[in-house]
Amino acid sequence: MQNNEKENFTPRRLKITDNKKGFIELLQQLSICDSISENKFEERFREIDSLGDDHVICVIEDEISGKIVATGSVFIEKKFLRNCGKVGHIEDVVVDSSVRGKQLGKKVIDFLTDHARAVGCYKVILDCSVENRVFYEKCGFKEKEIQMAMYFV
């Protein structure tokens, strides 16, 4: 990777203007994500933003194209366990198919785990597919127990 390439891909928090930079289209590479109106995006952005450090969405914008090419989020669960401890939950990590292999996923994970550590979490957890297990192990995660899910839709 060239040095100037590293400078073009800096993780940061989601901004209200990022919808126009392909944020929703990027999420569509991960899962079912219908297109939403600008008003709906802004309404949800403000709702999440009002949670401050308890829900952070990280994005990486390609500074040359102006397109959002990677994202992930972490929300902080406040517990009674562990002396009123906190746990970070990482969700919705995706890197645009056109820029995979440039360590952008690792940059997103590092940003999110650094945030969780900075706000006092004693651990950070995530669910992933079997195919992504090796990637998360390279990021320092270890397999523990199993995931269960119940979908309502």
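Atom set for the values below is all heavy atoms of this structure, side chains included, hydrogens, waters and symmetry mates excluded. All residue numbers in this chain count up from 1 along the given sequence.
- The shortest non-hydrogen separation linking L112 to V56 is CD2-O, 4.1 Å.
- Here S31 contributes atom OG and D92 contributes atom CG; the two are 8.0 Å apart, rounded to the nearest 0.5 Å.
- Salt-bridge annotation for R117 and D114: present, with a side-chain N of the basic residue lying under 4.0 Å from a carboxylate O of the acidic one.
- The minimum heavy-atom distance between F41 and I16, with the atom names listed, is CE2-O, 3.3 Å.
- Within a 6.0 Å sphere centred on NZ of K21, other residues, nucleotides and ligands contribute more than 12 heavy atoms.
- Taken to the nearest 0.5 Å, the OG1 atom of T113 stands 11.0 Å off from the NE2 atom of H115.
- I76 and G88 make their closest contact through CD1-CA, 4.1 Å (heavy atoms, listed as atom of the first residue, atom of the second, distance).
- Under a hydrophobic clustering in which Ile, Leu, Val, Met, Phe, Trp and Tyr are joined whenever their side-chain heavy atoms come within less than 4.5 Å, directly or via other members, I90 and I60 fall into the same cluster.
- Atom-to-atom distance recorded for S129:OG and Y136:OH is 8.0 Å, nearest 0.5 angstrom.
- Contact record, I24 with C33: CG2-SG, 3.8 Å, taken as the closest heavy-atom pair.
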Item to complete: Carefully, step by step, assess D96 and S98 under the rule side chain to side chain donor-acceptor pair (under 3.5 Å).
Response: CA-CA 5 Å; D96 189 275; S98 68; 2.5 Å; yes
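- Put simply, L126 and L30 are part of two different groups of oily side chains (I, L, V, M, F, W, Y) that touch within less than 4.5 Å, one to the next.
- Taking the side chain as every heavy atom from C-beta outward, F9 and K102 approach each other to under 4.5 Å.
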Item to complete: Start with the C-alpha gap between D54 and K78, add the side-chain angles, then the distance that decides, and say whether side-chain contact (heavy atoms from CB on, under 4.5 Å) holds.
Response: CA-CA 9 Å; D54 285 346; K78 294 176 178 169; 2.9 Å; yes
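- Listed for the T71 side chain is no donor-acceptor partner under 3.5 Å among the backbone atoms of V94.
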Which atom pairs, donor and acceptor, lie under 3.5 Å between side-chain atoms of residues 44-52 and protein residues at least two apart or in another chain?
residue, atom, partner, partner atom, Å
R44, NE, E47, OE1, 2.9
S50, OG, E47, O, 2.7

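- The OG1 atom of T17 lies 8.0 Å from the CD1 atom of I68; values are rounded to the nearest 0.5 Å.
- Of the listed residues (R13, K67, R12), just one forms a salt bridge (charged side-chain N to carboxylate O under 4.0 Å, His left out) with E61, and that residue is R12.
- One hydrophobic cluster, built from ILVMFWY side chains closer than 4.5 Å, holds both V59 and L27.
- Side-chain contact between F111 and K106 is absent, with no heavy atoms from C-beta onward closer than 4.5 Å.
- The hydrophobic cluster containing V95 also contains I109, counting ILVMFWY residues as joined when their side-chain heavy atoms lie under 4.5 angstrom apart, directly or transitively.
- For the pair K20/E38, a side-chain contact is recorded, criterion being any heavy-atom separation below 4.5 Å from C-beta on.
- Take H89 and apply the side-chain hydrogen bond (donor to acceptor under 3.5 Å, both in side chains) test, not counting sequence neighbours, and it matches E77.
- Between the NZ atom in K15 and the CZ atom in F23 there is a gap of 14.0 Å [rounded to 0.5 Å].
- Side chains of V99 and L104 form a contact here, defined as non-hydrogen atoms less than 4.5 Å apart.
- F75 and V119 end up in different hydrophobic clusters when Ile, Leu, Val, Met, Phe, Trp and Tyr side chains are linked at under 4.5 Å.
- At least one side-chain heavy atom of V124 sits under 4.5 Å from a side-chain heavy atom of F141.
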